[in-house]
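Below is one structure; the comments refer to it alone.
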Amino acid sequence: MSQHEPLKVALLGAGSVGSQVARLLLEGRDELAHRVGAELELIGIAVRNVDAKRDVDLPSELFTTDAESLIARADLVVELIGGIEPARTRIRTALERGADVVTANKALIATHGPELFAIAQERGAQLNYEAAVAGAIPIIRPLRDSLAGDQVTRILGIVNGTTNFILDRMHERGDSPAEALRIATELGYAEADPTADIEGFDAQQKAAILASIAFHTTVPVDSVYREGITAVTSEQIKAATRAGYVVKLLAICEKVQNEAGEAAVSARVHPALVPAAHPLAAVHGGNNAVFIESMAAGDLMFYGAGAGGVETASAVLGDLVSAARRQVAGGPGLAASRHAELPVLPIGEVHTRYQIALQVKDEPGVLAKIAGLFSDHGVSLATLEQSIPECDASASHEPAAAHATLVIGTHLAAEHALDAVVQALSSDDSVHVVTGVLRVESAA
Ligand SMILES: NC(=O)C1=CN([C@@H]2O[C@H](COP(=O)(O)OP(=O)(O)OC[C@H]3O[C@@H](n4cnc5c(N)ncnc54)[C@H](O)[C@@H]3O)[C@@H](O)[C@H]2O)C=CC1
Ligand SMILES: N[C@@H](CC=O)C(=O)O
Ligand code: NA
């Protein structure tokens with residue numbers, strides 16, 4: 001590993017996201033050091049009350065109420081206190097010192113982004129904010145970097161996990177909005193003041209950030225039309241369901257033409273009916289999804305956890321590692337780290353489930369024999385479907401074809417074991433032919 005000095009990381013805030021960032025930084029210290037080329041040393045966590053009870057057990061000596069002196073010693077500052085002040089002043093101080101900053105604070109980026117980016121640029125520092133929009137989902141970087149050569153025409157998405165959770169609960173379980181919000185808050189999805197979620201302010205800030213990046217334009221938060229979900233009733237949800245729709249809080253950012261036919265930007269956030277068959281209708285709980293339409297790439301879709309402490313911490317750490325790599329390398333850093341050098345499994349050692357179709361003799365004892373061939377190789381059967389071809393008596397005087405088609409589903413098995421079963425089946429005199437093997441894949 002490189003001999004680069006450890007990089008000092010100051011964390012501001014130890015709430016839902018901050019405490020998870022601290023935990024992942026401490027638990028992943030060695031691995032992160034390999035990825036960065038230097039240790040990421042968590043030098044302290046600035047909080048309001050060092051004795052407050054927290055969900056995550058963190059070393060008490062890390063806590064301080066003196067954020068200023070922590071920032072003064074840091075190479076990288078992670079701001080996770082939220083809101084405008086003192087977050088804005090702390091980030092300004094850090095950037096003015098030349099430290100890189102990572103934040104999840106969409107309220108701040110949407111309202112004071114230009115001022116902070118200007119300081120960052122002037123001081124040669126980075127201000128990363130992937131977690132500010134759609135939590136764990138990589139969306140800022142793809143929009144800003146990967147699509148930098150394309151023309152984005154429209155963004156349509158669910159960008160607030162709390163309201164998606166509430167609407168989903170109202171729709172799926174008939175929960176009251178208040179009960180659903182209580183659970184969303186317990187799960188760490190809601191803002192410190194959940195009015196930001198339910199009245200659509202949070203989604204409005206995210207829409208302003210997305211539209212600004214996508215359309216290379218300053219999109220003030222107040223120019224984004226906003227309606228929250230507080231006026232959505234369970235009767236409306238039921239009526240929407242009957243008509244084949246689902247109610248979702250959408251953020252829609254578009255490149256349009258104004259009445260004079262000139263290019264313009266429109267951004268709005270409001271509840272809307274989405275057809276039940278639309279992919280957005282299948283976004284449940286605290287998840288988010290963002291569709292991007294662009295001239296060259298066409299349609300792209302991003303989906304995943306839009307809220308939650310540990311999920312959001314993933315995006316924060318990604319930003320942190322990226323900034324730290326630049327500090328170590330004096331540039332973008334490693335294109336791809338290879339330090340783990342794990343063995344790559346041959347296909348025979350891969351475990352999956354299988355569906356095997358075969359034609360067998362239609363006679364007594366065959367099924368038991370075939371089941372035996374599977375169990376001889378340690379492959380256990382999950383499903384078995386048998387069909388016998390119908391015989392058209394008027395077309396032929398021959399006896400009915402004495403074979404049956406079997407479709408067998410297995411539980412998880414190693415590929416080499418499955419190969420052995422197929423070989424055994426192929427050479428068994430009860431089997432006419434193994435007609436096909438498909439692997440059955442599903443989410444982990
Ligand atoms: N919770 C989530 O799912 C997501 C949150 N975010 C953003 O991440 C940031 C943090 O959010 P959460 O962790 O959920 O909030 P939180 O309310 O759980 O945590 C904020 C913490 O900062 C502390 N704090 C407030 N003022 C402080 C100060 N002056 N100095 C030190 N600590 C102070 C609070 O006591 C609290 O412990 C916010 O900007 C939020 O919008 C972004 C994406 C997802
Ligand atoms: N409160 C926000 C948290 C993530 O940005 C949400 O519910 O989406
Ligand atoms: Na994100």
Side-chain angles (χ1 to χ4, degrees), residues 10-22 44-50 52-56 58 63-68 70-71 78-91 102-110 128-144 157-167 180-181 184-206 209-210 213 228-229 249 251 285-290 302-316 318-319:
L11 176 60
L12 315 180
S16 300
V17 185
S19 56
Q20 293 295 339
V21 167
I45 308 173
V47 293
R48 280 189 296 200
N49 172 9
V50 293
K53 191 176 162 340
R54 293 171 215 288
D55 299 341
V56 179
L58 296 166
F63 290 103
T64 174
T65 51
D66 186 358
E68 289 291 339
L70 202 57
I71 294 169
V78 181
E79 182 277 308
L80 293 169
I81 58 186
I84 306 302
E85 287 295 350
R88 174 181 172 216
T89 303
R90 303 270 187 264
I91 290 180
V102 176
T103 180
N105 193 333
K106 52 267 172 160
L108 184 62
I109 294 293
N128 292 344
Y129 54 101
E130 180 57 74
V133 179
I137 305 174
I139 190 71
I140 300 292
R141 225 177 271 265
L143 204 51
R144 193 191 57 197
I158 296 170
V159 294
N160 182 271
T162 303
T163 47
N164 196 60
F165 183 88
I166 294 171
L167 292 172
L181 173 60
T185 305
E186 256 177 41
L187 290 168
Y189 296 168
E191 293 303 299
D193 174 1
T195 312
D197 297 295
I198 60 177
E199 294 293 3
F201 293 105
D202 176 85
Q204 182 189 38
Q205 291 153 2
K206 290 165 174 168
I209 295 172
L210 291 175
I213 305 173
I229 64 161
L249 183 70
N287 287 315
N288 285 184
V290 183
F302 300 81
Y303 167 82
V310 69
E311 295 87 345
T312 305
S314 163
V316 172
D319 275 352

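Start at 1 with the first residue, then count along the sequence. Every number for a ligand or one of its atoms is a count from 1 in the order of the listing.
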**Report entry** atom 5 (O) of ligand 2 [closest protein heavy-atom partner, distance rounded to 0.1 Å]
**Finding:** K106 NZ, 2.5 Å
Query - Chi angles and distances behind the side-chain contact (heavy atoms from CB on, under 4.5 Å) call for L249, N164 - result: CA-CA 7 Å; L249 183 70; N164 196 60; over 6 Å; no
Query raised in the report: Salt-bridged, R90 to E68, with N to O below 4.0 Å?
Result: yes
Query raised in the report: Heavy atom of A67 under 4.0 Å from ligand 1?
Result: no
Requested in this report: Can you establish whether the number of heavy atoms outside D193 located under 6.0 Å from its atom CG is more than 12?
Outcome: yes
**Report entry** Residue-ligand contact G135/ligand 2, heavy atom below 4.0 Å
**Finding:** no
Report summary line: To atom 1 (N) of ligand 1, the nearest of G188, A87, S16 on a heavy-atom basis is G188
Query raised in the report: Are E191 and K106 ion-paired here, with the side-chain N under 4.0 Å from a carboxylate O?
Result: yes
Requested in this report: Tell me which protein heavy atom sits closest to atom 8 (O) of ligand 2, plus the residue, atom name and distance to 0.1 Å.
Outcome: G161 N, 2.7 Å
Requested in this report: Number the atoms of ligand 1 from 1 as they appear, then name those within less than 4.0 Å of a heavy atom of G308, with their elements.
Outcome: 2 (C), 3 (O)
Query - Check: T162 N/O within less than 3.5 Å of ligand 2 N/O - result: yes
Query raised in the report: If we only count N/O pairs under 3.5 Å, is R54 in contact with ligand 1?
Result: no
Query raised in the report: Taking the Na ion (ligand 3) as the vertex, how big is the angle to OE2 in E130 and O in I137, rounded to 10°?
Result: 80°
Requested in this report: Scan the protein's non-hydrogen atoms and note whether one is under 4.0 Å from atom 19 (O) of ligand 1.
Outcome: yes
Requested in this report: Report, in ascending order of atom number, the atoms of ligand 1 lying under 4.0 Å from any heavy atom of A46.
Outcome: 31 (C), 32 (N)
Query - Sub-4.0 Å atoms of ligand 1 with respect to non-hydrogen atoms of P86 - result: 29 (N)
Query raised in the report: Going by the order shown, which atoms of ligand 2 are within less than 4.0 Å of some heavy atom of G306?
Result: 4 (C), 5 (O), 8 (O)
Report summary line: Within 4.0 Å of some non-hydrogen atom of Y189, the atoms of ligand 2 are 1 (N), 2 (C), 3 (C), 6 (C), 7 (O)
Query raised in the report: For ligand 2, which atoms, with element, lie under 4.0 Å from some heavy atom of E191?
Result: 1 (N), 2 (C), 3 (C)
Report summary line: Within the 4.0 Å heavy-atom cut-off, what D197 brings close to ligand 2 is side chain
Requested in this report: Select one of side chain, backbone, both or neither to describe which atoms of V47 lie under 4.0 Å from any atom of ligand 1, heavy atoms only.
Outcome: backbone
Report summary line: In ligand 2, the atoms that come under 4.0 Å of a heavy atom of N160 are 2 (C), 6 (C), 7 (O), 8 (O)
